[in-house]
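Residue numbers start from 1 in every chain, and the chains themselves are labelled A, B, ... in the order their sequence lines are given, proteins ahead of strands.
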Number of protein chains: 2
Amino acid sequence: MSRATLRDVAKLAGVSVATASKALNGQPQVRAETRERVIRAAEQLSFSPNTLAQGLITQRSGTVGLLTSDLEGRFSIPILMGAEDAFGSDQTSVFLCDARGDTIREKHHLRALLSRRVDGLIVVGARPDTRPSLGDLPVPVVYAYAPSDDPADLSLITDNTGGGRTAVDHLIRCGRRRIAHITGDPGYSAAQDRARGAVDRLTEEGLTLAGGEVWFGMWSEAWGRGATRMLLERCPDVDAIFAGSDEIARGVLDVLHEERIDVPSRVAVIGFDNWSVLAVNSRPPLTTIDLNLEHLGRIAAQRLSAAMDGTAASGVETFPVRLITRESTAPLR
Amino acid sequence: MSRATLRDVAKLAGVSVATASKALNGQPQVRAETRERVIRAAEQLSFSPNTLAQGLITQRSGTVGLLTSDLEGRFSIPILMGAEDAFGSDQTSVFLCDARGDTIREKHHLRALLSRRVDGLIVVGARPDTRPSLGDLPVPVVYAYAPSDDPADLSLITDNTGGGRTAVDHLIRCGRRRIAHITGDPGYSAAQDRARGAVDRLTEEGLTLAGGEVWFGMWSEAWGRGATRMLLERCPDVDAIFAGSDEIARGVLDVLHEERIDVPSRVAVIGFDNWSVLAVNSRPPLTTIDLNLEHLGRIAAQRLSAAMDGTAASGVETFPVRLITRESTAPLR
DNA sequence: CAGCGGGCCGAAAAGGTTTTCACGAACGTC
DNA sequence: GACGTTCGTGAAAACCTTTTCGGCCCGCTG
């Protein structure tokens, strides 16, 4: 099965390539009967236009690059799906490249992508902290998840502060008053932001954190377990725990369960990320905060399209997160 | 920042485009001094060749398509990484498309990829069962993870039977004799194959499954928990459990822990998949079977390269899995 | 000194498509 | 019957690069 060219189609239809092109592309200056003949010829040869040649002359390759450092991670994939969705998949295909956290590999991929004449670039960081800008490029770029350090770039991020606030707000609405916060590495802006949001909301309510302060540590179940044990010792009457990630929340649940402390009737637990393999399967299923990453991906695609059409934006846009209610939280009584 | 063409480079270097091309591509028929001049000009203009044009004439786009139905899943990503790795990333870029289990979406993506003149295709199924062949295509195809139903195609799969055998073998070497197997949906060939491997190895040793038979159910923690409870009731002296997935294994561990049954001293537990967020974080960390998917991806890339160079293969190749020993198994005593 | 071969370089074709422009025919108008 | 429109079609240029082949200049050989 070999590839037919437009010339083959034209010959079979008895017209010139120019006419064939116009017929297939819906240009008006061709007689209906002729168009019909061309289309039939194309089908008969199962012709499909060579996108490379098209790109060469239209100066649009119909491709974008997705440059990430978080492939096996769970962030780039939803973003990719959202983006794939927003570009019609027949219009635009996406090159996926994983730099694996390595700057020179990133440069490498960048060169390759530019050489392939991608129409735009989406850059997804591995963590929500600011990352170095790629600088001035011949194609539009949007940074998603991790913002660029250059305000002239366009960055799309999730609202971690708002997420912390939402989580605590939900716990308060459940009637909880003694709320603790166990979270990950304090070196991550995500940890800091979520904690800030949580504390802000608590302060509005005239409350302070159970346990006195935020329990920073690591993004792991083990830390969730350890911190929970310490927390229970220092503060046995805690009635809600806001975990900075679903992994941590799993550790929290594990220890509560071990101590025969019922969730949610005695202690409510809320996670962060809505990583479904963790959140759905836990006992009980975990209320958590969803980052809305597919949405972020869709917006990234839209912004990219806009920029390709000449209306580029810049600055940082923050997108709201979403509360997912499951069974690990419930009103008191 | 706009894109320089080879003609710009040639003009700046004071040579013809032909010479410029040869200079940059290391062709011998150009004087060293001239080459030097061209290279400097190229750097100065930060020239990068237009891959579309190159592809047009060499008849090679330097791209491959990865068609999957398992994006948020954990299988395609390692395969993608392996493939990206095996193709030099500067030589070949990969288009990632997710059909989301939808046949017409798959057709759609396929059209788009062929239109983009990909040099080859890797098809990754969502589950290890046989899937329909894409049929005769103008480019080579390799099926990975899920084999094609057409023996004329080339399929690369993991050895699930061998995995079951390896798991049980490990438990036997740990001195266990009363080994149970809790696994997922019996409609998955993976479940059947793993079970068969396990039973085979048991039979060789003159043993039978603790609990009398394989506990088929669902691929979830909840099933792991439920099955374990039933198992303990029917067969309280079980000394090892082989779980058909890490998710199930998590459920198993959870109940054992709840029942204060020590792992691994009283019951050893082994999982399947080496899904690290589950396996590494569990208590204790989970011994499991790794599918070696990156390796599968690398081989897929190699087979594809070979096919592109004219030496196509067909049939089904099975690749061994790998035992990852952590702390949920240990010799008795 | 004629002829020849080797070393470097440039002109041109090729790859597949889109788009512009010119051309011819058919038709209507005066 | 001459002229102006409109409609449909085709020739050719353009996109950017690689590759073939011919040509030029030099130095060498006979």
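Residues B:R74 and B:D273 are paired through a salt bridge, judged by an N-O separation under 4.0 Å between the basic side chain and the carboxylate. Salt-bridge check for A:R322 with A:D290: passed, with a basic side-chain N closer than 4.0 Å to an acidic carboxylate O. With respect to the salt-bridge test (charged N to carboxylate O, under 4.0 angstrom), the residues B:D129 and B:R127 qualify.
Among the atoms of the strands shown, base atoms are found under 4.0 Å from some heavy atom of A:S21. Using a 4.0 Å heavy-atom cutoff across all strands shown, A:Q29 reaches at least one base atom of the nucleic acid.
Residue A:R31 places at least one side-chain N or O closer than 4.0 Å to OP1 or OP2 of D:dT9. Side-chain nitrogen and oxygen atoms of A:T51 include none within less than 4.0 Å of the OP1 or OP2 phosphate oxygen of C:dT17. Between D:dT17 and B:Q54, no contact under 4.0 Å exists linking OP1 or OP2 to a side-chain N or O. Look at A:N50 and you won't find any side-chain N or O under 4.0 angstrom from OP1 or OP2 of C:dG15. Remark: B:S16 is in phosphate contact with C:dG10, judged by side-chain N or O atoms under 4.0 Å from OP1 or OP2. Not one side-chain nitrogen or oxygen of A:R7 sits closer than 4.0 Å to the OP1 or OP2 atom of C:dG16. Between C:dT17 and A:T58, no contact under 4.0 Å exists linking OP1 or OP2 to a side-chain N or O. Contact check, B:T34 against C:dC9: a side-chain N or O comes under 4.0 Å of OP1 or OP2.
Mapping B:R117 and B:A32 onto DNA chain C by nearest heavy atom places B:A32 at the nucleotide closer to the 5' end.
In this pair, B:F319 and B:H295 present their aromatic rings perpendicular. The plane angle is above 60°, beyond the 30 to 60° band.
On a pure distance criterion of 3.5 Å, no polar donor-acceptor pair joins the side chain of A:K22 and the base of D:dG8.
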